[in-house]
Amino acid sequence: MDPVVPVQHIPSPVAPLHGEEPFIGAEGATVFDFWRYALPDLKTNTTRGLLAEFLVHRAVGAQQRNQEWESFDVLTTDGLRIEVKSSAYLQAWDQREFTKVVFDRLQTRTWNPQTGDANGPTFNADVYVFALHTATSHDDYDPLDVRQWQFYVVPGPVIEAKGTKSLALNSVRALAAGPVPYSGLAARIRAADPRATKAEAGPRAPRRPASPAVPSA
């Protein structure tokens with residue numbers, strides 16, 4: 001068993017930024033300026049992943065964003081753990097052909113501030129949401145139009161039973177009960193909640209895991 005090391009550096013809660021906050025010593029620069037610099041294009045891989053998480057977060061009414069090192073992406077108020085994977089046919093760079101859609105990093109290695117990294121990667125979500133942006137023309141690609149997304153929802157135990165580190169789109173389609181538009185995403189996630197089959201367990205209080213993980217794209 002790994003030794004438990006006392007945690008000495010614990011950050012204080014941080015209030016959300018509003019954008020108007022100025023940088024000290026960089027005259028005229030605000031948090032808005034940084035946001036425009038860091039997130040100018042919602043098509044980029046990293047930003048698209050965050051956008052997909054944001055859409056799922058809003059769909060299920062989650063109250064706060066997870067820490068980057070946690071082992072899943074979205075936590076509902078009743079403790080449902082959701083992992084969000086995203087992909088698209090088009091990227092922010094020149095392409096000769098559409099991207100082959102593969103969702104990877106289905107397992108993550110958890111991390112604990114007392115004991116460090118876990119021995120190996122594990123499946124850590126109750127539900128997996130695979131988000132696909134379906135635009136096939138840059139002229140039509142609108143990151144702000146949620147109608148251009150398809151969402152495939154699969155219970156965590158089904159993903160864990162597959163035991164693979166990644167899934168191609170065809171495999172995801174075979175596991176999910178068809179794609180669902182954003183308007184039906186919350187209901188589909190609730191229908192895939194594996195805890196719903198454990199009536200004897202009763203309601204489950206909101207919680208955060210003791211072993212958060214490294215970021216997952």
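FYI, the numbering just counts along the sequence from 1.
- Every residue two or more places apart in sequence or in another chain was checked for a side chain to side chain donor-acceptor pair (under 3.5 Å) with T136, and none qualifies.
- T77 has its side chain out of reach of V60: every pair of non-hydrogen atoms, C-beta onward, lies at least 4.5 Å apart.
- W149 CH2 to L51 CG: the interatomic distance, rounded to the nearest 0.5 Å, is 5.0 Å.
- Within a 6.0 Å radius of OH in Y141, more than 12 heavy atoms belonging to other residues, nucleotides or ligands are found.
- Between D78 and R195, at least one side-chain N (NZ, or NE/NH1/NH2) sits under 4.0 Å from a carboxylate O, which counts as a salt bridge.
- Between F151 and V84 the shortest side-chain heavy-atom distance does not fall below 4.5 Å.
- In this structure, CG in D73 is found 11.0 Å from NE2 in H57, a value given to the nearest 0.5 Å.
- Here the straight-line distance linking atom CG of D140 with atom CG of D145 works out to 10.5 Å at 0.5 Å rounding.
- There is no path of hydrophobic side-chain contacts, each under 4.5 Å, that joins L106 to V102.
- Using modelled atom types, no side-chain atom of N124 and backbone atom of F72 make a donor-acceptor pair closer than 3.5 Å.
- Residues L167 and L175 meet the side-chain proximity criterion, which asks for heavy atoms closer than 4.5 Å.
- From T122, atom OG1 reaches atom CZ of R109 across 9.5 Å, with rounding to the nearest 0.5 Å.
- Between F103 and I159, every side-chain heavy-atom pair lies at or beyond the 4.5 Å cut-off.
- Between the side chain of S137 and the backbone N or O of D139, at least one donor-acceptor pair lies under 3.5 Å.
- Under a hydrophobic clustering in which Ile, Leu, Val, Met, Phe, Trp and Tyr are joined whenever their side-chain heavy atoms come within less than 4.5 Å, directly or via other members, L39 and F54 fall into different clusters.
- Put simply, the side chain of L75 reaches to within 4.5 Å of the side chain of R81, judged on heavy atoms.
- The two atoms that bring A52 and A131 nearest to each other are CB-CB, 4.0 Å, heavy atoms only.
- Linking ILVMFWY side-chain heavy atoms closer than 4.5 Å, directly or via other members, places L55 and L144 in a single hydrophobic cluster.
- Within the structure, side-chain hydrogen bond (donor to acceptor under 3.5 Å, both in side chains) contacts touching residues 155-178 (residues at least two apart or in different chains) are Y152-R173.
- Taking 4.5 Å as the limit, every side-chain heavy atom of D193 sits out of range of all side-chain heavy atoms of P155.
- The side-chain hydrogen bond (donor to acceptor under 3.5 Å, both in side chains) contacts involving residues 21-43 comprise T30-D33, D33-R36, K43-H138, where partners must be two or more places apart or lie in separate chains.
- Without hydrogens or angle criteria, E83 side chain to D126 main chain gives no donor-acceptor distance under 3.5 Å.
- Using a distance-only test at 3.5 Å, with no hydrogens or angles considered, a donor-acceptor pair links the side chain of T134 to the main chain of Q148.
- Taking 4.5 Å as the limit, some side-chain heavy atom of R58 sits within range of a side-chain heavy atom of Y182.
- The hydrophobic cluster containing L42 does not contain L50, counting ILVMFWY residues as joined when their side-chain heavy atoms lie under 4.5 angstrom apart, directly or transitively.
- Cluster annotation: V127 is connected to L185 through the hydrophobic network of ILVMFWY side chains, with a link wherever side-chain heavy atoms come within less than 4.5 Å.
- Atoms OG1 and CD, from T44 and Q91 in turn, are 9.5 Å apart once rounded to the nearest 0.5 Å.
- Atoms OG and NE2, on S87 and H133 in that order, are 11.5 Å from each other to the nearest 0.5 Å.
- Ring geometry for F23 against F34 counts as perpendicular: the plane angle is over 60°, on a 0 to 90° scale with 30° as the lower cut.
- In this view, R188 satisfies the side chain to side chain donor-acceptor pair (under 3.5 Å) rule with no residue, not counting sequence neighbours.
- At distances below 3.5 Å, not a single donor-acceptor pair connects side-chain atoms of Y128 with backbone N or O atoms of I82.
- Here the side chains of V74 and R65 are not in contact, with every heavy-atom distance at 4.5 Å or above.
- Scanning for side chain to side chain donor-acceptor pair (under 3.5 Å) contacts around T46 gives an empty result, with sequence neighbours left out.
- The minimum heavy-atom distance between T110 and S71, with the atom names listed, is CG2-CB, 3.9 Å.
- Not counting sequence neighbours, D142 has no partner by the salt bridge (Lys or Arg N to Asp or Glu O under 4.0 Å) test.
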